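Below is one structure, written out as structure tokens, with a few remarks after it.
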Amino acid sequence: VHLQAAPEDMEPEEIIAKVADGEYEMTLIDGHYLGIELANGAPVKSAFTFGDQKNHQLAVRGEDVKLLSTLDAYIKANKDVKQYSRLYAKYFTNKRQIRLHHKARLKTVDGKNMISRFDPLVQRYARKYGFDWRFISAQMFKESRFDPDARSRAGAIGLMQLMPSTAKQLGFKKIKHPPTNIHAGTKYMNWLYQKFEPELPVVDRMWFTLASYNAGLGHVLDARQLARQMGLNGDRWFDNVDKAMLLLSKTKYAKKARYGYVRGREPVDYVRSIMKLYASYINIIGLDESAQTDPLTLNDELEILNQDLKKLYADLENHPACCR
């Protein structure tokens with residue numbers, strides 16, 4: 001193996017991303033960086049390890065006695081609290097999240113021409129707000145793997161992984177129930193979509209909307225502005241605004257942006273993965289327009305509710321009697 005130093009201004013996540021994309025054959029990098037990117041779904045793996053495991057330390061200048069004392073006190077007070085354990089697990093030992101990424105597979109339901117059992121609900125609300133229901137389904141899979149009970153550490157809830165505060169602003173109070181969650185998530189997508197100029201290419205307007213759903217509207221606006229400053233096209237996502245978004249994870253660019261730092265790799269990967277999944281769903285469903293126009297009947301909703309209740313009762317059977 002012939003090692004070549006990476007550029008000094010390249011962040012570890014960028015290097016790992018280049019390995020994932022096949023641009024670099026491999027890289028030699030600190031294990032904690034790899035752990036973070038694996039938990040975020042990077043399609044790479046550790047091949048071998050050099051040396052023994054070493055602890056991390058903070059270094060300060062010798063004359064910064066007060067700073068050192070403050071840091072020591074903070075670490076001592078917080079290293080054993082629950083929040084520390086949650087954060088450590090999220091970024092370094094989240095094996096469950098890594099397994100979810102590796103096990104994710106494109107599936108149909110019972111061999112039928114369906115994407116998920118929530119298709120009728122997605123079709124209803126996609127029609128209401130003018131989206132292709134297969135596009136919303138791809139986003140839903142990316143967000144929750146079609147698990148209505150999914151909940152992130154940040155507090156996002158349900159199939160569309162909405163924050164309760166966002167749902168409340170849209171007029172929704174309880175968003176755990178699938179119909180409400182899908183409705184709220186699709187309405188939020190429409191709200192974001194309307195924030196971009198109507199004259200934009202429709203496809204790029206959709207990519208901007210997705211990136212905003214993931215990273216926040218402000219960061220997308222920053223990336224568009226930065227792209228123009230770099231001589232790129234601020235109206236195009238791929239190979240233009242996405243490149244600027246990656247730069248916003250660098251201090252040099254983030255400190256000049258209105259909305260500051262963002263893990264740019266996340267929205268870039270988010271958009272790309274949904275785009276690929278959307279294309280796969282189109283191949284599965286094809287041009288079956290009947291699937292998009294059949295009305296969602298009360299029986300459809302009752303059937304979905306019935307399936308949820310069966311799952312609930314099955315879960316209760318596994319609990320002690322006192323919990324039933």
Side-chain angles (χ1 to χ4, degrees), residues 1-50 89-107 138-145 152-154 161 204 206-208 210-216 219-220 223 226-227 230 232 236-254 261-281 283:
V1 175
H2 299 281
L3 293 177
Q4 179 179 342
E8 291 185 2
D9 62 345
M10 186 177 290
E11 299 292 337
E13 66 182 69
E14 293 180 77
I15 299 174
I16 293 175
K18 287 183 180 295
V19 175
D21 293 340
E23 185 174 341
Y24 292 169
E25 185 176 355
M26 66 178 71
T27 188
L28 181 63
I29 202 163
D30 286 336
H32 65 282
Y33 288 127
L34 176 62
I36 291 173
E37 296 309 311
L38 284 175
N40 285 326
V44 296
K45 65 179 181 179
S46 174
F48 43 82
T49 303
F50 284 104
K90 174 182 178 181
Y91 289 109
F92 298 109
T93 62
N94 194 344
K95 295 181 180 179
R96 176 181 176 275
Q97 184 69 16
I98 295 171
R99 284 198 302 270
L100 285 175
H101 286 298
H102 284 298
K103 288 183 178 180
R105 294 291 185 272
L106 188 61
K107 299 176 182 178
Q139 182 186 15
M140 187 189 300
F141 177 84
K142 177 65 176 177
E143 289 287 351
S144 65
R145 299 319 197 256
S152 75
R153 285 184 172 80
Q161 287 294 279
D204 286 286
M206 292 303 305
W207 304 146
F208 289 148
L210 276 179
S212 299
Y213 194 101
N214 176 262
H219 293 305
V220 175
L226 178 57
M230 296 169 59
L232 300 173
R236 297 281 183 174
W237 174 257
F238 287 111
D239 294 322
N240 287 276
V241 176
D242 60 345
K243 292 182 177 180
M245 180 66 77
L246 291 173
L247 293 177
L248 289 177
S249 61
K250 296 176 178 290
T251 304
K252 174 183 176 181
Y253 297 94
Y261 173 87
V262 62
R263 280 182 61 90
R265 174 57 57 180
E266 291 183 8
V268 168
D269 288 346
Y270 182 82
V271 172
R272 187 174 295 276
S273 62
I274 292 175
M275 177 195 69
K276 292 179 179 178
L277 194 55
Y278 176 39
S280 297
Y281 285 168
N283 289 333

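The structure displayed is predicted, hence computed values, not measured ones.
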Approximate separation, where rounding is to 0.5 Å, of Lys142 NZ and Lys276 NZ: 10.5 Å

Between Ile16 and Val44, is there a side-chain heavy-atom distance shorter than 4.5 Å? yes

Residues which pass side chain to side chain contact (heavy atoms under 4.5 Å, CB included) with Asp30, listed by chain and number, not counting sequence neighbours: His32, Tyr33

What I'd like to find out is whether the side chain of Arg272 reaches to under 4.5 Å of the side chain of Phe238, using heavy atoms alone. yes

Looking at Met26 and Val19, what are the two nearest heavy atoms and their distance? C-CG2, 4.0 Å

In Å and rounded to the nearest 0.5 Å, what is the CD to OG distance from Glu11 to Ser249? 5.5 Å

Check Met10 against Lys250 and note the closest heavy-atom contact, atom names and distance. CA-NZ, 3.6 Å

What closest approach, in Å, do Thr27 and Ile15 show between heavy atoms, and which atom pair accounts for it? OG1-CG2, 3.3 Å

Hey, could you give me the CD/CD distance between Glu13 and Glu266, rounded to the nearest 0.5 Å? 8.0 Å

Given Val271 and Asp242, is the side chain to side chain contact (heavy atoms under 4.5 Å, CB included) satisfied, shown in steps? CA-CA 9 Å; Val271 172; Asp242 60 345; over 6 Å; no

Without swapping roles, check the side chain of Asp204 against the backbone of Trp237 for a donor-acceptor pair under 3.5 Å. yes

Who are the side chain to side chain contact (heavy atoms under 4.5 Å, CB included) partners of Leu226, not counting sequence neighbours? Gln229, Met230, Ala244, Leu247, Leu248, Tyr253

Within the distance-only criterion (no hydrogens, no angle test), does the side chain of Asn214 pair as donor or acceptor with the backbone N or O of Ala211 below 3.5 angstrom? no

If I compare all heavy atoms of Ala227 with all of Asn240, which pair ends up nearest, and what's the gap? CB-O, 4.2 Å

Report yes or no: is the cationic atom of Arg145 (NZ for Lys, CZ for Arg) under 6.0 Å from the centre of the six-membered ring of Phe141, at an angle within 45° of the ring normal? yes

Which is it for Glu37 and Arg265 under the salt bridge (Lys or Arg N to Asp or Glu O under 4.0 Å) test, yes or no, and what are the steps along the way? CA-CA 10 Å; Glu37 296 309 311; Arg265 174 57 57 180; over 6 Å; no

